[in-house]
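First up is the structure itself, then whatever we jot down about it.
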Amino acid sequence: MASRAELSNFLAEVERRAYKQALFAVRDEDAALDIVQDSMMRLAEKYSDKPLDELPLLFQRILQNAIRDYYRRSRTRSEHFTSLSAFEGDDENPGDPLELIEIDDEINPFAAPHAALLQTETLSIVEEALQNLPPRQREAFLLRYWEGLDIAETAAAMGCTEGSVKTHCSRATHTLAAALEAKGIRP
Amino acid sequence: MSREEQFARQICHVLDRGTEKLDHGIAERLRAARERALQRQHAFVPSLAIVGAGETALLGGDDEKHPLRTALAILALLLGVAISYYWNGLSQADENEAIDSALLADNLPPTAYLDKGFQAWLEKQAAPAGE
């Protein structure tokens, strides 16, 4: 069971990344803060009796569910006010337009050295590119690489198969590389 | 490490720099949110701690860390046993008192219930008329 100090340290370590994850997803500072706060409270209330090493995955599951709940609520609200979404194609899975993304095979994003990424203005370009990723690609990329979960853990947090995680991660990486290259940054 | 992973790590390195440069107001609100979450844990833990203290005392475990808590748990247990014993005694006394009152208030003297002839007469009266 995690002590109060251990839980505090864990939350302090993950809170900024959690906020950024939520912000990339919902693009609203207040909503992102609410999502992080709800996730922290849920973890502290329901799972603080769990061992410390189980907390990262539990927290990510709670956070991703909170983000999905926000999408769901936003979607319900927008459907209440407008019926335009009915003309926007696949209504069953609006949050996962993975199949719509086409990567130009002519672009080889890994061809050059990585020095350009160190430039200061790169941050905003990278964050913008991440925001523009399809939600499931962004989720897989951030959980797998930024949070350092392995493929099985990422699949558990996302509620999908390990194969889907690999596909989402690969496509996210290529999409990001292409987006950076389009901005003149060769990764 | 594949090129794809190398690129992903570099992206994450850039993102880490972004979290370090987080706006002070946002960082403060996150800290406050963390404190609120920890208070929820604080409210949850003590109820378990008392159970733990009792267990520790009974099993003779490591009670040096919380001697006061252990003593309180034992005291509470003893108090509970004493109250329960006293309460049971009180209920039994009430019951006996009610029986005594009924016997004394009856028209029959208590010795009538010891008379065999009277018992036989009662059984005869209680039997159905046809038998």
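By convention in this document, chain letters (A, B, ...) are assigned in the order of the sequence lines, proteins followed by strands, and residues within each chain are numbered from 1.
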Pairs of heavy atoms under 4.5 Å with chain B: top-ranked of A:F141, A:W146, A:Y19: A:W146
Interface residue of largest heavy-atom contact number with chain B, from A:Q37, A:E29, A:K20, under 4.5 Å: A:Q37
Contacting moiety of [X], where chain B heavy atoms sit under 4.5 Å:
| X | answer |
| --- | --- |
| A:L33 | side chain |
| A:A12 | both |
| A:F24 | side chain |
| A:S39 | neither |
| A:L43 | neither |

Would you check if [X] and [Y] make a side-chain contact, meaning some heavy-atom pair closer than 4.5 Å?
| X | Y | answer |
| --- | --- | --- |
| A:Q21 | A:Q60 | yes |
| A:M158 | A:Q64 | no |
| B:R29 | A:D30 | yes |

Is [X] close to chain A through its backbone or its side chain, or both, or neither, when contacts mean heavy atoms under 4.5 Å?
| X | value |
| --- | --- |
| B:D23 | neither |
| B:R9 | side chain |
| B:E35 | side chain |

Give the intermediate values and the outcome of side chain to side chain contact (heavy atoms under 4.5 Å, CB included) for residues A:R136 and A:S164. CA-CA 10 Å; A:R136 297 291 273 176; A:S164 294; over 6 Å; no
Under-4.0 Å salt bridge between [X] and [Y]:
| X | Y | answer |
| --- | --- | --- |
| B:R17 | B:E20 | no |
| A:E139 | A:R68 | yes |
| A:R42 | A:E45 | no |

